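Note that the structure is a prediction, hence the values are computed from the model and not measured. Below, chains carry the letters A, B, ... as their sequence lines are ordered, and counting in each starts from 1.
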Amino acid sequence: MLKIYNTLTNQKEDFRPIDPNNIGIYVCGMTVYDFCHMGHARVLVMFDVITRHMRRNYPNVQYIRNITDIDDKIISRAIENNEDIYSLTNRFIDAMHEDEKALGVLSPDIEPRATDSIDHMIDMIELLSKKGLAYEGKNGDVFYSVRKFRNYGKLSGKNLDDLVAGARVDIESNKQDPLDFVLWKKAKPSEPKWSSPWGEGRPGWHIECSAMSTHFISNHFDIHGGGMDLTFPHHENEIAQSEGANNCKFVNTWMHVGFVNINDEKMSKSLKNFFTIRGVLDKYDGETLRYFLISSHYRSPLNFSDTNIESAKSALKRLYTATKGFSSSKKIDVKVGMTFDYEDRFDAALNDDFNTPIALSILFEIAKQVNIERSKDSEHAASLAQLLKKLGNYLGILEYDAELYLQQGSELSEAEVSIKINQREEARASKNFAMSDQIRDELLTLGIILEDSIDGTSWRRK
RNA sequence: GGCUGGGUAGCAAAGCGGUUAUGCAGGGGCCUGCAAAGCCUUAUAGACCGGUUCGACUCCGGUCCCAGCCUCCA
């Protein structure tokens with residue numbers, strides 16, 4: 001039984017699908033005015049792990065992740081660059097796709113752009129107006145009347161009076177209540193605009209997710225996720241909009257991914273302490289990064305540092321090393337009873353609120369067993385290695401041939417290394433160990449490590 | 001101030017009321033011509049104070065500290 005921590009109830013709950021044959025997942029994606037950073041990477045990778053696991057357990061999982069391609073930041077960045085918003089957003093959408101590919105993230109089933117769903121948003125705002133939940137302010141903007149929605153605050157555990165007392169609410173004379181939020185913004189001259197019953201303008205941020213999730217999935221669906229900072233106000237407002245408009249429960253399970261921190265502080269654009277995915281990929285391969293991101297539980301904070309990624313790199317290398325030599329496509333039957341309950345325990349870990357650290361620890365148990373069996377029972381070792389690769393793939397790691405992975409980024413070609421290895425073999429055969437060690441040291445300075453075994457000498461990158 | 005989380009060994013990170021988490025790094029050993037990898041072995045935990053219990057890192061209460069949200073943010 002899959003258990004998921006639900007932000008709505010602040011506890012782990014049994015996941016009971018609305019329709020087991022049709023699971024709906026909606027995740028708030030990127031606002032595309034800049035390159036994705038490590039925080040985005042964590043959300044991308046975690047929901048990739050989550051949907052991969054869901055797909056193994058349910059026949060049809062519909063995964064939707066939107067793209068916010070219209071908002072204030074996009075507009076101001078486009079003006080700054082003196083370019084059309086679409087040329088800006090298209091560029092960063094392409095960049096995002098490159099990044100997620102490098103991280104081994106599978107594409108969502110649908111990736112709707114806000115600007116393609118303006119009609120659905122207008123429909124929803126009209127519905128809210130009809131129900132008396134929305135009103136037009138003095139400046140022509142349309143607002144949601146938060147106090148008219150009974151359950152406002154249920155997701156984030158806030159109550160309206162506390163929010164007012166917090167005094168961090170802006171004084172906005174156009175609103176009836178300072179907590180009300182914008183559904184539709186009147187266009188200023190030279191801003192991108194769409195026509196609507198309230199004149200030309202553009203949608204507020206929150207309405208797009210309510211409109212797109214209900215349109216592409218249903219008024220009521222299973223899982224809605226995003227980064228933790230979206231809990232309030234974004235997701236709270238989505239609930240107000242969707243439930244206010246449709247008179248039914250919006251989402252059963254709300255999932256929120258913890259932050260990536262720098263020196264124990266949230267990584268964010270406003271703090272200017274962020275690292276872009278592509279910046280990190282200059283130094284580390286995508287799978288190392290992915291391993292790093294899944295090495296802690298998705299709700300815990302994750303501290304980003306070179307030391308921590310280096311340690312992820314070493315750990316992943318250990319798993320690859322264990323599968324080395326078994327990567328041939330030769331089909332081996334996994335012997336019943338010889339793999340113990342590794343796979344069951346692996347599944348149980350993921351079923352327990354997607355506990356990737358435990359799932360990974362089981363991969364290490366298998367790796368150790370492969371190493372032990374290697375010299376004793378090679379067939380058993382091979383079947384374990386196959387299992388290791390299979391379970392790794394479920395998490396989106398161990399996707400490459402071990403040999404190739406361990407040799408990637410080498411300055412010398414395969415052939416060049418082979419020549420050196422052969423020279424060294426000759427030296428060793430004639431017991432000229434000074435010479436053989438010299439060759440090995442020479443390669444080491446080029447970042448290449450040689451490993452002698454009964455099967456001969458193999459090499460890998462340091 | 002209100003609301004969430006959290007404080008675990010050198011570092012990272014989990015589960016668990018009593019039995020080895022796991023990885024990286026360290027010590028000793030085996031293997032090796034020497035290495036590397038691997039295997040065996042080993043040390044180092046549970047912020048603090050009380051309580052419940054035969055027994056608590058794990059449950060309850062309190063204290064201290066940290067992070068996040070309450071404003072755009074994944």
**Same-atom distance (P) from B:A47 to B:A14, integer angstrom** = 15 Å
**Request:** Taking only the side-chain nitrogens and oxygens of A:Trp205, find out if one of them lies under 4.0 Å from OP1 or OP2 of B:C73.
**Result:** yes
**Asked** Using 4.0 Å as the upper bound for N to carboxylate O, is an ion pair formed by A:Asp34 and A:Lys73?
**Response** no
**Request:** State the pairing partner of B:G46; accept Watson-Crick or G-U wobble contacts with both distances under 3.5 Å, and report none otherwise.
**Result:** none
**Request:** Return yes if the base of B:C72 and the side-chain atoms of A:Asp72 contain a donor-acceptor N/O pair under 3.5 Å, otherwise no.
**Result:** no
**Complete:** Any strand, both distances under 3.5 Å, Watson-Crick or G-U wobble: B:C73 pairs with none
Do any N or O atoms of the protein come closer than 3.5 Å to N or O atoms of nucleotides 40-48 of chain B, and which pairs are they?
unit_1, atom_1, unit_2, atom_2, d
B:C40, OP2, A:Lys368, NZ, 3.3

**Message:** In this structure, how many angstroms lie between the C1' atom of B:G38 and the CG atom of A:Leu384, rounded?
**Reply:** 15 Å
**Message:** Check this for me, if you would: do A:Glu343 and A:Lys390 make a salt bridge, where the nitrogen-to-carboxylate-oxygen distance has to be below 4.0 angstrom?
**Reply:** yes
**Message:** Taking any heavy-atom pair under 4.0 Å as a contact, classify A:Arg460: base, sugar-phosphate, or nothing.
**Reply:** sugar-phosphate
**Asked** With the threshold set at 4.0 Å, does a side-chain nitrogen-carboxylate oxygen contact exist between A:Arg290 and A:Glu399?
**Response** no
**Fill in**
A:Glu365 atom CD is separated from B:A13 atom P, nearest whole Å, by 20 Å
**Sequence-aligned protein contact record of nucleotides 3-8 of chain B, with B where the base is within under 4.0 Å of a protein heavy atom and S where only the sugar-phosphate is** = SSS---
**Spacing between A:Asp306 atom CG and B:A12 atom P, to the nearest angstrom** = 14 Å
**Request:** Give none if B:A56 has no partner; otherwise give the nucleotide forming a Watson-Crick or G-U wobble pair with it, both distances under 3.5 Å.
**Result:** none
**Asked** For A:Thr231, which contact category applies under a 4.0 Å heavy-atom criterion: base, sugar-phosphate, or nothing?
**Response** nothing
**Request:** Identify whether any heavy atom of A:Phe259 sits under 4.0 Å from a base atom; if not, whether one sits that close to sugar-phosphate; answer base, sugar-phosphate or nothing.
**Result:** base
**Prompt:** Over how many whole Å does the gap from A:Asn303 atom CG to B:G68 atom P extend?
**Reply:** 11 Å
**Request:** Not counting sequence neighbours, which residues clear side chain to side chain donor-acceptor pair (under 3.5 Å) with A:Tyr5? List them please.
**Result:** A:Asn10
**Message:** Is there a side-chain contact between A:Arg318 and the phosphate of B:G23, meaning an N or O under 4.0 Å from OP1 or OP2?
**Reply:** yes
**Message:** Between B:G7 and B:G46, how far apart are the two C1' atoms, rounded to whole Å?
**Reply:** 9 Å
**Item:** B:C3 pairs with, by Watson-Crick or G-U criteria that keep both distances under 3.5 Å
**Value:** B:G68
**Message:** With a 3.5 Å limit on both atom pairs, tell me what B:G17 is paired to, counting Watson-Crick and G-U wobble, or say none.
**Reply:** none
**Prompt:** Do you see a donor-acceptor pair shorter than 3.5 Å between the side chains of A:Ser361 and A:Arg345?
**Reply:** no
**Spacing between A:Ile362 atom CD1 and B:A14 atom P, to the nearest angstrom** = 14 Å
**Prompt:** What nucleic acid atoms does A:Met267 come within less than 4.0 Å of, heavy atoms only: base, sugar-phosphate, or nothing?
**Reply:** base
**Prompt:** Base, sugar-phosphate alone, or nothing: which one does A:Gly227 contact when heavy atoms must sit under 4.0 Å apart?
**Reply:** sugar-phosphate
**Between A:Tyr63 and A:Asp48: side-chain donor-acceptor atoms closer than 3.5 Å** = no
**Message:** Does this structure show an ion pair linking A:Asp437 with A:Arg440, if we count only N-O contacts that are shorter than 4.0 Å?
**Reply:** yes
**Message:** Distance check, P atoms only: B:G10 and B:G27, in whole angstrom units.
**Reply:** 16 Å
**Request:** State whether the distance check finds a donor on one side and an acceptor on the other, under 3.5 Å, for side chain A:Asp437 versus base B:G33.
**Result:** yes
**Complement of B:C11, any strand, by Watson-Crick or G-U distances under 3.5 angstrom** = B:G23
**Request:** Evaluate the ring planes of A:Phe346 and A:Tyr394, with Trp represented by its six-membered ring, and classify them as parallel (under 30°), tilted (30 to 60°) or perpendicular (over 60°).
**Result:** tilted
**Request:** Salt-bridge test for A:Arg147 and A:Asp177: reply yes if a basic N is under 4.0 Å from a carboxylate O, no otherwise.
**Result:** yes
**Request:** Assess whether one donor atom and one acceptor atom, taken from the side chain of A:Arg374 and the base of B:G38, lie less than 3.5 Å apart.
**Result:** no
**Fill in**
To the nearest angstrom, the CD1-C1' distance between A:Ile309 and B:C11 comes to 15 Å
**Message:** Between A:Asp306 and A:Lys313, does any side-chain N to carboxylate O distance fall below 4.0 Å?
**Reply:** no
**Prompt:** Do A:His297 and B:A13 have a side chain to base donor-acceptor pair shorter than 3.5 Å?
**Reply:** no
